[in-house]
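Given the structure is predicted, the values throughout are model-derived calculations rather than measurements. Below, all heavy atoms of this structure are taken into account, side chains as well, without hydrogens, waters or symmetry copies. The sequence lines fix the lettering, A, B, ..., with proteins before strands; numbering per chain opens at 1.
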Amino acid sequence: MTVRIYNTLHNRKEDFIPTEDGKVKMYVCGPTTYNYIHLGNARPIVAFDVIRRYFAYIGYDVTYVQNFTDVDDKIINRANEEGIDPKDLAEKYIAAYFEDADRLGVKRADVHPRVTEHMDDIIKMVQGIIDNGLGYEIDGDVYFEVRKFKGYGKLSGRSLDEMQSGARIAVDEQKRDPMDFALWKAAKPGEPAWESPWGMGRPGWHIECSAMSSKYLGKTFDIHGGGADLIFPHHENEIAQSEGCNCCKSVNYWIHNGFITINSEKMSKSLGNFFLLRDILDKFPGPVVRFYLMSTHYRSPLDFDDKKLEASAKSLERIWNAYRLTEEKLALLEKQEGADSDAPEKLSAITTETRKKFKDAMNDDFNTSLALASVFDLCRDVNSIVNVQGFSGGADTIAALKGVLAFFGELNEVMNVIVPQEEKGDDLSNELLNIIMAMRTKARAAKDWGTADYIRDELKAIGIVIEDAPDGPRWKKEK
RNA sequence: GGCGCUGUAGCCAAGCGGUAAGGCAGAGGACUGCAAAUCCUUUAUGCUCCGGUUCAAAUCCGGACAGCGCCUCCA
């Protein structure tokens with residue numbers, strides 16, 4: 001079965017057909033690095049991380065490019081406020097971006113190009129647009145002439161005339177049309193500037209993505225992603241630039257994620273109702289936040305509050321418990337002799353079925369919510385097989401349990417939250433805990449419930465949870 | 001004003017014409033010294049409302065109501 005993708009260009013789901021067999025070339029708009037990223041920024045980062053991981057999982061060779069906008073009005077303003085060099089400011093927040101993304105389990109892109117390192121490519125593209133008769137220069141500024149580009153508006157589904165009637169844009173007198181946008185801006189005093197055929201200046205906002213995507217992925221590539229608020233004008237303009245310069249279709253599939261909302265209102269920097277990702281990550285582990293972001297389809301709005309993250313934490317715990325239970329059962333069985341039952345066949349049937357459901361869900365426009373439902377089904381089935389009283393087994397059962405753990409690992413390649421991260425402490429504290437657990441076991445044997453419960457309560461207070469499982473007591477760290 | 005999205009149980013959320021997945025919370029039961037974890041059972045004659053098409057609609061069409069987004073920097 002092929003992957004189906006909701007393509008903003010045609011407002012419908014379409015079969016994914018790569019430009020080159022077996023390969024996926026995708027570009028996602030990255031952050032403007034003038035601040036720490038907020039939760040809303042995290043959504044596309046995770047959504048497209050999952051998409052890219054999924055393509056790799058089903059055998060595609062994926063090239064993933066995500067840019068950093070490191071020259072921009074906001075960066076310059078902010079740097080001026082702080083009295084530092086814009087370059088240093090951008091570097092600081094790029095480093096912070098990677099810290100945040102790492103905590104969310106996001107894989108690095110194959111290339112993270114920066115605007116400041118691609119001035120030649122950008123200038124070349126602006127020149128190409130001018131040479132094709134779609135750009136014009138006035139006093140060091142270069143504009144794209146939208147009226148000259150047939151098909152302007154095809155992504156956002158608007159016509160120039162409709163937009164102008166209700167537009168709230170200030171008309172710049174020197175532009176030929178109010179909708180014309182800047183490809184190159186003449187330098188103002190005190191701003192970073194680069195040499196160009198039109199004098200010192202810097203790129204407009206949109207041209208960077210056109211220049212860098214075609215440089216790394218080719219003139220025509222498969223997937224371009226970003227937030228839904230980028231559809232217009234950013235992505236519309238990208239199409240105009242890329243196709244206006246290269247004279248061929250630039251992107252086959254446009255994918256846009258929905259917004260994170262607070263009380264049903266869009267979370268955004270301009271509204272001021274945003275939460276910094278790192279602040280949330282200080283309250284909830286990365287995998288919990290990642291799971292929360294994947295629990296809703298990427299195109300739907302996702303409302304945020306702490307309660308939802310708490311529910312996500314509990315849901316995730318359920319998956320992790322199933323994994324641990326299997327792990328412990330396996331360890332137990334490896335130490336004792338036993339005979340195989342029908343467990344191996346059942347376990348293998350379950351993984352086969354789950355793998356199919358998981359893929360079907362993901363193939364249908366990356367339906368992570370449905371895909372996770374199949375994982376929960378898997379957990380329930382595995383738990384019920386493994387947790388029966390007196391469950392034992394021989395070589396086949398042991399192999400099947402190993403297979404289940406491997407399957408969790410397989411799913412983890414895509415979701416990256418299925419397998420619990422190792423949370424054991426250092427050797428010394430593990431040894432001490434084992435001694436304490438042994439003391440408690442003695443107390444319980446002597447029916448000294450007071451001591452046993454005291455130990456359990458005190459450990460709970462420092463984040464160690466004791467469970468007296470049928471196979472014996474075990475401990476784990478909370479969350 | 002133009003374009004577009006959304007409305008499913010207490011909460012979150014799948015579903016895209018064939019008779020309501022999954023998670024959280026709740027109830028009952030098994031297991032347990034008590035818990036925890038786990039399992040079993042249970043929780044929407046109904047999917048904002050009103051019409052229509054169809055043998056069949058949460059799903060398609062029309063209308064109403066409510067909420068939201070883009071059209072301006074924004075993921």
Between K266(A) and F259(A), is NZ or CZ placed under 6.0 angstrom from the six-membered ring centre and within 45° of the ring axis? yes

Classify the ring geometry between H235(A) and W254(A) as parallel (under 30°), tilted (30 to 60°) or perpendicular (over 60°). tilted

Looking only at atom C1', what distance separates G7(B) and G46(B), rounded to whole Å? 15 Å

May I ask which nucleotide in the shown strands pairs with G51(B), Watson-Crick or G-U wobble, both distances under 3.5 Å? C61(B)

Classify the nucleic acid contact of I466(A) as base, sugar-phosphate or nothing, counting any heavy atom under 4.0 Å across all strands shown. base

Can you measure L271(A) atom CG to C73(B) atom P for me and round it to whole angstrom units? 15 Å

Using whole Å, report how far CD1 of I75(A) lies from C1' of C73(B). 12 Å

According to salt bridge (charged side-chain N to carboxylate O under 4.0 Å, His left out), who are the partners of K402(A), at least two apart in sequence or on a separate chain? E334(A)

So what does L230(A) touch, heavy atoms closer than 4.0 Å: a base, only the sugar-phosphate, or nothing? sugar-phosphate

Just to verify, what does E265(A) make a salt bridge (charged side-chain N to carboxylate O under 4.0 Å, His left out) with, not counting sequence neighbours? none

What N/O pairs connect the protein and nucleotides 23-27 of chain B at under 3.5 Å? Give each pair on its own line.
unit_1: G23(B); atom_1: O2'; unit_2: S315(A); atom_2: OG; d: 2.1

Taking atom P in both G1(B) and C11(B), compute the distance separating them and give it to the nearest angstrom. 32 Å

Side-chain donor-acceptor distances from residues 452-459 of chain A under 3.5 Å, at least two apart:
none

Sequence neighbours left out, what passes salt bridge (charged side-chain N to carboxylate O under 4.0 Å, His left out) with E145(A)? Give chain and number order. K148(A), R176(A)

Watson-Crick or G-U wobble partner of C73(B), both distances under 3.5 Å: none

What is the distance from CZ of F232(A) to P of A75(B), rounded to the nearest Å? 17 Å

Separation of the P atoms in A57(B) and C61(B), to the nearest angstrom: 15 Å

For RNA chain B, which residues of residues 36-48 of chain A approach it to below 4.0 angstrom with any heavy atom? H38(A), G40(A), N41(A), P44(A)

Distance between the C1' atoms of A44(B) and A14(B), in whole angstroms? 15 Å

Go through it in stages, so that I can follow the logic: the residues are H38(A) and L277(A), the test is side-chain contact (heavy atoms from CB on, under 4.5 Å), and I'd like the CA-CA distance, side-chain angles, deciding distance and then a yes or no. CA-CA 5 Å; H38(A) 63 66; L277(A) 214 214; over 6 Å; no

U19(B) -> Watson-Crick or G-U wobble partner, both distances under 3.5 Å, gives none

Let me know the distance between CG of L155(A) and P of C71(B), rounded to the nearest Å. 13 Å

Using the P atom as the point on both nucleotides, what is the distance between C16(B) and G26(B), in whole Å? 31 Å

For U42(B), give the paired nucleotide (Watson-Crick: N1-N3 plus N6-O4 or O6-N4; G-U: N1-O2 and O6-N3; both under 3.5 Å), or none. G26(B)

How far does the P atom of A64(B) sit from the matching atom of G4(B), given to the nearest Å? 16 Å

Distances for protein N/O vs nucleotides 4-15 of chain B N/O pairs under 3.5 angstrom?
unit_1: A13(B); atom_1: O2'; unit_2: S369(A); atom_2: OG; d: 2.8
unit_1: A14(B); atom_1: OP1; unit_2: H297(A); atom_2: N; d: 2.8
unit_1: A14(B); atom_1: O3'; unit_2: N367(A); atom_2: ND2; d: 2.8
unit_1: G15(B); atom_1: OP1; unit_2: N367(A); atom_2: ND2; d: 2.6

Specify the separation, in whole Å, of atom CG of L9(A) and atom P of C3(B). 19 Å

Value in whole Å for how far the C1' atom of G22(B) lies from CG of D360(A): 16 Å

Under 3.5 Å for both donor-acceptor distances, Watson-Crick or wobble: does A66(B) have a partner, and if so which one? U6(B)

By the side chain to side chain donor-acceptor pair (under 3.5 Å) test, which pairs, at least two apart or in different chains, include something from residues 100-109 of chain A? D100(A)-R278(A), D102(A)-R108(A), R103(A)-D282(A)

Are any side-chain N or O atoms of E236(A) and backbone N or O atoms of K154(A), one a donor and one an acceptor, separated by less than 3.5 Å? yes

Charged tip of R158(A) within 45° of F232(A) ring normal and under 6.0 Å: yes

List in chain and number order the residues that pass ring pair (Phe, Tyr, Trp, His ring centres under 6.0 Å) with Y93(A), two or more places apart in sequence or in another chain; answer none if no residue qualifies. Y36(A)

After noting the C-alpha distance and the side-chain angles of Y216(A) and Y64(A), does the key distance pass the ring pair (Phe, Tyr, Trp, His ring centres under 6.0 Å) rule? CA-CA 9 Å; Y216(A) 292 103; Y64(A) 186 73; over 10 Å; no

Here the distance between atom P of C40(B) and atom CD1 of I385(A), to the nearest Å, is 11 Å

Rounded distance in Å between the C1' positions of G17(B) and C47(B): 15 Å

Output the rounded distance in Å from CZ (F358(A)) to C1' (A21(B)). 16 Å

Any N321(A) side-chain nitrogen or oxygen under 4.0 Å from OP1 or OP2 of U38(B): yes

Could you give the distance separating G15(B) and A21(B) at their C1' atoms, to the nearest angstrom? 8 Å

Checking Y143(A), F181(A), W184(A) against H206(A) for ring pair (Phe, Tyr, Trp, His ring centres under 6.0 Å), the one that qualifies is F181(A)

Watson-Crick or G-U wobble partner for U32(B), using a 3.5 Å limit on both distances? none

Determine all donor-acceptor pairs shorter than 3.5 Å in which one atom belongs to a side chain in residues 341-348 of chain A; sequence neighbours excluded.
unit_1: S341(A); atom_1: OG; unit_2: A343(A); atom_2: N; d: 3.2

Collect all protein-nucleotide pairs involving nucleotides 31-34 of chain B in which both atoms are nitrogen or oxygen and the distance is under 3.5 Å.
unit_1: G33(B); atom_1: O6; unit_2: R444(A); atom_2: NE; d: 3.2
unit_1: G33(B); atom_1: N1; unit_2: D453(A); atom_2: OD1; d: 3.0
unit_1: G33(B); atom_1: N2; unit_2: D453(A); atom_2: OD2; d: 2.6
unit_1: C34(B); atom_1: O2; unit_2: R456(A); atom_2: NH2; d: 2.8
unit_1: C34(B); atom_1: N3; unit_2: R456(A); atom_2: NH1; d: 3.0
unit_1: C34(B); atom_1: N3; unit_2: R456(A); atom_2: NH2; d: 3.2
unit_1: C34(B); atom_1: N4; unit_2: R456(A); atom_2: NH1; d: 3.4
unit_1: C34(B); atom_1: N4; unit_2: D468(A); atom_2: OD2; d: 3.2

Sorted by number, residues from residues 258-268 of chain A placing a heavy atom under 4.0 Å from RNA chain B are G258(A), F259(A), I260(A), S264(A), K266(A), M267(A), S268(A)

Map G157(A) and A469(A) onto RNA chain B by nearest heavy atom, then report which one ends up closer to the 5' terminus. G157(A)

Donor-acceptor under 3.5 Å (N7(A) side chain, R12(A) main chain): no

Checking S384(A) side chain against D381(A) main chain: does a donor-acceptor pair fall under 3.5 Å? yes

Between the main-chain N or O of R318(A) and the side-chain N or O of N321(A), is there a donor-acceptor pair closer than 3.5 Å? no

Please tell me whether F407(A) and Y323(A) form a close aromatic pair, meaning their ring centres lie under 6.0 Å apart. no

Going by atom types alone, do E410(A) and Y57(A) pair a side-chain donor with an acceptor below 3.5 Å? yes

